[in-house]
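Inspection log for the structure reproduced underneath, given as structure tokens.
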Amino acid sequence: MTAPRRSRAAAASHPGSATVLALLVLSLLAGCRIPRPRPDATIAILTPGAGELGVSTEYGIVFLGCGQQGGTVRFDAWFGGDPSREEGLVEAVGGGLYVTEAEIRLPTMPITFAVPAPGEEVVIVGRRGAERWRAPAVVAVHPAVTGLLLQMGEGMASFDDSQRGAGVYVARREGLVLLGLVAGTVSLPAADGGVARYLAVVGPEEMWRVATHARNRSRDRRWVYRDDVL
């Protein structure tokens, strides 16, 4: 006498040993996965004095040239852990902006050329050594200034010259996009007769030069792949 066959429904409710084994293996692999540090696009420009910051974009590393405006500049990029020391040739793009490039491919941030409205919230991202910091700010207007100003938000009281070039970002559906670079602090008369401190930003009115400069030269290049950054 042959053994009675199980119905398909019964078989589906009791998966075979091979299926169970595959699920167990996948579960173990997921549990043993080691998270890799996420790289970022905030660059430390190593110039004489206090140094400055820059941001890696699809058009190159953009910075303000506070300490160096020509020749070969050194800079640090982070891929998690210790910085990767790189160097590149400085190129002036106009409007107080400079660019350079590493021989390796770096993480990049997209740029927006849309001028923000007064009161719009932004995020400032800077770096002190291996520590990256973020702080909120708000777009401000002042009758004595035509450029982009930010009201200094919480956490910005300790802003110093070493953080010039910190990236100013706006949030979009796809994530943060670069709006400009912090040029420094400025003190202006306040409505109550006192003095108000703001952050001055090199914004979209000048950042378009970075894209124009990149498009006017050949972008056909071969990246170098090194074991220390893979």
First locate atom CZ of Phe75, then atom CD1 of Ile61, and finally report the distance between them rounded to the nearest 0.5 Å. 3.5 Å
Can you tell me how the ring of Tyr198 sits relative to the ring of His142, calling it parallel under 30°, perpendicular over 60° and tilted otherwise? perpendicular
Quick one: does Ser56's side chain have a donor or acceptor within less than 3.5 Å of a partner on Pro107's backbone? yes
Please report the interatomic distance CD(Glu87) to CG(Leu46), rounded to the nearest 0.5 Å. 11.0 Å
Kindly indicate, with the supporting measurements, whether the criterion side-chain contact (heavy atoms from CB on, under 4.5 Å) is fulfilled by Val168 and Leu148. CA-CA 11 Å; Val168 179; Leu148 182 58; 5.6 Å; no
Minimum heavy-atom distance between Leu53 and Ala44, given as atom pair plus value: CD2-CA, 4.1 Å
May I have the step-by-step check of side-chain contact (heavy atoms from CB on, under 4.5 Å) for Leu97 and Leu64, ending in yes or no? CA-CA 5 Å; Leu97 293 173; Leu64 299 174; 3.8 Å; yes
Separation between OG1 (Thr112) and CG (Leu176), nearest 0.5 Å, reads 12.0 Å
Any ion pair linking Glu131 and Arg128 (charged N to carboxylate O, less than 4.0 Å)? no
If Ile, Leu, Val, Met, Phe, Trp and Tyr residues are connected whenever their side-chain heavy atoms lie under 4.5 Å apart, and connections chain through other members, are Leu188 and Leu199 in the same group? no
Between the side chain of Glu52 and the main-chain N/O of Cys66, is any donor-acceptor distance below 3.5 Å? yes
Examine Leu179 and Val177 and state if one hydrophobic cluster contains both, with Ile, Leu, Val, Met, Phe, Trp and Tyr joined whenever side-chain heavy atoms are less than 4.5 Å apart. yes
Cation over ring, Arg132 on Trp78, under 6.0 Å and within 45°? no
Would you call the rings of Tyr59 and Phe113 parallel, tilted or perpendicular if under 30° counts as parallel and over 60° as perpendicular? tilted
So, using salt bridge (Lys or Arg N to Asp or Glu O under 4.0 Å) as the criterion, who are the partners of Arg172 when residues are at least two apart? Glu120
Between Arg127 and Asp76, does any NZ, NE, NH1 or NH2 come within less than 4.0 Å of an OD or OE carboxylate oxygen? no
Check whether Thr100 reaches the backbone of Leu89 with its side chain - one donor and one acceptor, N or O, closer than 3.5 Å. yes
More than 12 foreign heavy atoms under 6.0 Å from CG of Asp192: is that the case here? yes
Test side-chain contact (heavy atoms from CB on, under 4.5 Å) applied to Ile45 and Tyr98, step by step: CA-CA 11 Å; Ile45 308 294; Tyr98 298 82; over 6 Å; no
Can you check side-chain contact (heavy atoms from CB on, under 4.5 Å) on Thr185 and Phe159, steps first, answer last? CA-CA 8 Å; Thr185 59; Phe159 186 90; 3.9 Å; yes
Please name the pair of heavy atoms, one in Val186 and one in Leu149, separated by the smallest distance, quoted to 0.1 Å. CG1-CD2, 3.9 Å
